[in-house]
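What follows is one structure encoded as structure tokens, with my remarks underneath.
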Amino acid sequence: MTARIVVAGGSMGGLRAAEQLRAAGWTGAVTVVGDEPHMPYNRPPLSKEVLAGRAPFASLAFTPKAAAADVEWRLGTRVVSARLTERTVALDDGPPLSYDGLVVATGMHPRRLRCPGPLTGRHTVRTLTDAQGLRDELNRPDVRVVVVGAGFIGCEVAATAVGLGVREVTVVDPLPLPMVAPLGELLGRALLKRHQERGVRFALGTGVAGFEGEDRVTGVVLSDGTVLPADVVVESVGSAANVEWLEGNGLDLSDGVLTCGQLRVGGRPEVVAVGDVARFPNARYDGVPRRVEHWSIPTDTAKHAAKALVAHLTGTEAEFAPFAPLPTFWSDQHEFRLQSFGAPTLGLDDVRVLDGDEDGDVLVGYHTGGRLVGVVALGGQAAAMGAARYRAQLLKQPALTA
Amino acid sequence: MKVVVDMNKCQDHGQCAFAAPDVFSMDETGHLLYVSDPDDALRDEVEEAADVCPLQAIRIEA
């Protein structure tokens, strides 16, 4: 029988894993199991161009590499459980699949608010279907939108909604500034000002206690009892890992699936994890395992994990350098861009303006022990170019040890 | 090798210029410049550039 690698998860991480298994020399079968009905697509435009109606849904589809043309896609199918000792996974339709190698690429799902109230009119933004539904609602006349959660997705959606001409857009968050957890106070203040100048309202330092309305939401009740009238609610309150199917195998699933520095799971060389479900130590930093929800991570992890898995399965086990990606992310909001390189969250106690000022293009450096560990640019193209100039320096640095 | 960048999609992120600096670069105003017929020896780095493009705007044709 042909040896088989099963990839659990059919998003970007699953696609990149399948492609990289071929690139690493795997000639056996590859089966990708994905619960969405679509081939893998690019998610960042869902909160921006697609929501604004400037890009069609069809434009988001990834073009799989030719080397992955013989990969079997089981779409609209979910992996419901795994028996790692027996090397099988169970599916929600059809018989179980046995495997020689397993790639965990099941990603995340949006967290939902559990407070009381109607569900209709409340949206998340993770999938094509989500974005389509939200876009239809934003295009209704005179809608009032409340976005719960002032993180990247919440702020992108708020900016897009204002750009569409939505009459009233309010962002609610228990923290005092938008995006303050990943970026710190300096940029949080600058971002608050920019959003307010462009018509986004904020209710900060307050949580949500419930939703008003009978059949569908008509208002958002804040912790202090204030009610914000709302026709559409967007919940952007973070995400949780899709790991339930791995339970019962003795794995650490406390936040995603814990991996070693080679992205292997549970000490099993035939099981690896990729994408934002993987909680991995980054040898570039302090060795603390973390999940990373950046767009670049599925590709970075797939490259490393596929090599490690194929080396094991083909008996060509070599010593690999541990996984040590340089993190990078961006966010487009209104007409400005945030561009980050490195690990700003490791340097939030020592934040310095490296160039420009908060009211215009600004480049901010994040330091630990006096050493630069991350940069974030806010503004136009020139600011993003400024951040890129620090990338080589961040890449060259020796590892930070705990 | 033939490289095509969909300039309607490109938003000048510049990730391609890190991955394949012999093929992609940013001009002084931060806009993309690229070589459309790079040597086949550069295939690996061009594939890497196509992978890391946030807008998935880079196509490799033959």
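So that the names make sense, note that chain A is the first sequence line, chain B the second, and so on, each numbered from 1.
At a 4.5 Å heavy-atom cutoff, A:Asp300 makes no contact with chain B through either its backbone or its side chain. If you measure heavy-atom distances from A:Tyr41 to chain B, you find no contacts under 4.5 Å at all. Of the two parts of A:Ala384, neither the backbone nor the side chain holds a non-hydrogen atom closer than 4.5 Å to a non-hydrogen atom of chain B. With a 4.5 Å cut-off on non-hydrogen atoms, A:Thr299 touches chain B through its side chain but not through its backbone.
Of the possible donor and acceptor atoms, none in the side chain of A:Asn42 sits under 3.5 Å from a partner among the backbone N and O of B:Leu55.
Across B:Cys53 and A:Trp295, no two heavy atoms sit closer than the pair O-CH2, 3.2 Å. Across A:Trp330 and B:Pro54, no two heavy atoms sit closer than the pair CH2-CB, 3.2 Å.
Within a 6.0 Å sphere centred on NZ of A:Lys48, other residues, nucleotides and ligands contribute more than 12 heavy atoms. Under a cut-off of 6.0 angstrom, the local environment of CD1 in B:Ile58 is crowded, with over 12 non-hydrogen atoms contributed by other residues, nucleotides or ligands.
Within the model, atoms NZ of A:Lys303 and CD of B:Glu48 stand 3.0 Å from one another, a figure rounded to the nearest 0.5 Å.
Proximity to chain A at a heavy-atom threshold of 4.5 Å picks out B:Lys9, B:Gln11, B:Asp12, B:His13, B:Gln15 from residues 3-17 of chain B, in numerical order. Among residues 27-43 of chain B, the residues having any heavy atom closer than 4.5 Å to a heavy atom of chain A are, in sequence order, B:Asp27, B:Thr29, B:Gly30.
Looking at heavy atoms from C-beta onward, A:Arg16 lies in side-chain contact with B:Asp51 at the 4.5 angstrom threshold.
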